[in-house]
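Heads up, the thing below is written out as structure tokens.
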Amino acid sequence: MKKDITTRKDIELLVNSFYDKVQKDEKIGYIFTDIAKVNWQQHLPKMYDFWETILFGQKGFKGNPMEVHFKLNKIHPLLQEHFERWKSLFNDTINEQFEGEFAQLAKEKAQSIADLMLYKMRPDSQQVIPIKNNKTNL
């Protein structure tokens with residue numbers, strides 16, 4: 001029986017296993033290695049802190065993931081297929097090693113975060129839709 005994600009060590013195992021897959025992946029690996037040129041010694045501890053904050057409410061994470069991804073998107077468009085692959089690899093990694101409440105929460109949070117990022121990166125999501133001035137109050 002698999003255990004749940006309950007400690008920072010579990011998060012480190014998840015993050016390390018996940019990014020090992022990402023780096024080798026044909027669909028998204030190049031984005032991390034060739035485009036973003038991720039410094040893994042710096043990136044991985046940030047991801048440990050990020051997931052510890054998301055799952056356990058710890059206050060260790062400092063950063064703005066949305067801003068980082070917006071900048072990357074300007075260099076190389078991040079498409080739905082990239083986010084779908086990222087989510088698939090993340091969920092596969094969790095399913096291989098963990099099960100339980102926090103494992104499920106991690107998958108749900110990853111889904112929400114990835115979907116929100118993709119939505120906000122769409123060119124039409126940056127447009128403001130004018131509201132006609134009428135006498136109807138909503």
Side-chain angles (χ1 to χ4, degrees):
M1 184 167 147
K2 299 173 198 166
K3 64 176 268 170
D4 201 359
I5 301 168
T6 58
T7 66
R8 182 168 174 107
K9 287 277 187 212
D10 294 335
I11 289 172
E12 290 174 8
L13 174 62
L14 167 61
V15 167
N16 291 340
S17 300
F18 168 65
Y19 281 109
D20 281 346
K21 288 181 184 183
V22 165
Q23 291 177 65
K24 297 172 189 167
D25 189 76
E26 292 178 4
K27 291 184 182 177
I28 63 171
Y30 75 96
I31 296 171
F32 290 82
T33 58
D34 300 335
I35 308 295
K37 297 184 185 341
V38 172
N39 176 330
W40 295 105
Q41 290 180 333
Q42 291 178 354
H43 186 67
L44 294 175
K46 284 182 187 176
M47 293 299 92
Y48 307 151
D49 290 345
F50 176 80
W51 285 105
E52 197 170 32
T53 297
I54 294 294
L55 295 178
F56 305 145
Q58 298 296 323
K59 305 256 189 242
F61 179 73
K62 292 183 182 11
N64 185 341
M66 196 65 75
E67 180 182 334
V68 171
H69 288 84
F70 278 136
K71 288 178 181 177
L72 181 58
N73 190 51
K74 288 180 181 180
I75 297 167
H76 179 78
L78 302 176
L79 306 174
Q80 182 170 352
E81 65 193 53
H82 299 133
F83 284 93
E84 293 301 324
R85 184 63 179 161
W86 184 94
K87 290 185 292 188
S88 176
L89 292 172
F90 191 81
N91 287 338
D92 289 349
T93 304
I94 290 177
N95 291 337
E96 289 166 3
Q97 299 178 9
F98 300 102
E99 65 183 5
E101 179 182 343
F102 285 105
Q104 184 61 36
L105 179 62
K107 291 189 282 188
E108 291 168 7
K109 293 290 187 176
Q111 174 83 37
S112 296
I113 291 164
D115 290 349
L116 179 62
M117 280 188 182
L118 177 61
Y119 174 77
K120 288 191 170 203
M121 284 185 207
R122 290 180 34 206
D124 59 341
S125 72
Q126 304 301 316
Q127 297 175 4
V128 176
I129 300 170
I131 298 174
K132 291 184 180 180
N133 191 3
N134 60 34
K135 297 181 183 195
T136 306
N137 292 327
L138 300 176

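Counting from 1, the numbers follow the sequence of the chain as shown. Just so it is clear, the model here is predicted, and its values are computed rather than measured.
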Please round to the nearest 0.5 Å and tell me the distance separating atom [atom1] of [X] and atom [atom2] of [Y].
X: Thr33; Y: Lys24; atom1: OG1; atom2: NZ; result: 13.0 Å
X: Leu79; Y: His76; atom1: CG; atom2: NE2; result: 6.5 Å
X: Leu89; Y: Asp25; atom1: CG; atom2: CG; result: 4.5 Å

With sequence neighbours excluded, what pairs up with [X] under the side chain to side chain donor-acceptor pair (under 3.5 Å) test?
X: His69; answer: none
X: Gln58; answer: none
X: Glu84; answer: Lys87
X: Ser17; answer: Gln97

Taking 4.0 angstrom as the limit, do Asp92 and Lys21 come out as a salt bridge?
-> no
Do other residues, nucleotides or ligands put more than 12 heavy atoms under 6.0 Å from Lys27 NZ?
-> no
Near Gln23 CD, under 6.0 Å, is it more than 12 heavy atoms from other residues, nucleotides or ligands?
-> yes
With Lys3, which residues qualify under salt bridge (charged side-chain N to carboxylate O under 4.0 Å, His left out), at least two apart?
-> Asp10
Does Glu67 have any salt bridge (charged side-chain N to carboxylate O under 4.0 Å, His left out) partners at least two apart in sequence or in another chain, and if so, which?
-> Lys71
Determine, using the 4.5 Å side-chain heavy-atom cutoff (strictly less than), whether Leu55 and Leu116 are members of one ILVMFWY cluster.
-> yes
Examine Phe70 and Ile113 and state if one hydrophobic cluster contains both, with Ile, Leu, Val, Met, Phe, Trp and Tyr joined whenever side-chain heavy atoms are less than 4.5 Å apart.
-> yes
Any non-hydrogen side-chain atom of [X] less than 4.5 Å from a side-chain atom of [Y]?
X: Val15; Y: Glu12; value: no
X: Val38; Y: Tyr19; value: no
X: Met66; Y: Met117; value: yes

Keeping the roles fixed (side chain from Asp4, backbone from Thr6), state whether a donor-acceptor pair exists under 3.5 Å.
-> no
Nearest heavy-atom neighbours spanning Tyr30 and His82 = OH-NE2, 3.4 Å
Qualifying salt bridge (Lys or Arg N to Asp or Glu O under 4.0 Å) pairs with a residue from residues 28-38, counting only residues at least two apart or across chains | none
Anything under 3.5 Å between a donor and an acceptor, one on a side chain of residues 98-108, the other on a protein residue two or more places apart or in another chain? List them.
residue	atom	partner	partner atom	Å
Gln104	NE2	Glu108	OE2	3.2
Lys107	NZ	Asn95	OD1	2.7

Please identify each residue that fulfils side-chain contact (heavy atoms from CB on, under 4.5 Å) with Leu72, with sequence neighbours left out.
-> Ile31, Ile35, Ala36, Leu78
What residues form a ring-ring contact (aromatic ring centres under 6.0 Å, His included) with Phe83, not counting sequence neighbours?
-> none
ring-ring contact (aromatic ring centres under 6.0 Å, His included) partners for Phe18, two or more places apart | Trp86, Phe90
Under 3.5 Å, which donor-acceptor pairs do the side chains of residues 44-51 form with other protein atoms, sequence neighbours left out?
residue	atom	partner	partner atom	Å
Tyr48	OH	Asn16	OD1	2.6
Tyr48	OH	Asn16	ND2	3.3
Asp49	OD1	Arg8	NH1	2.8
Asp49	OD1	Arg8	NH2	3.1

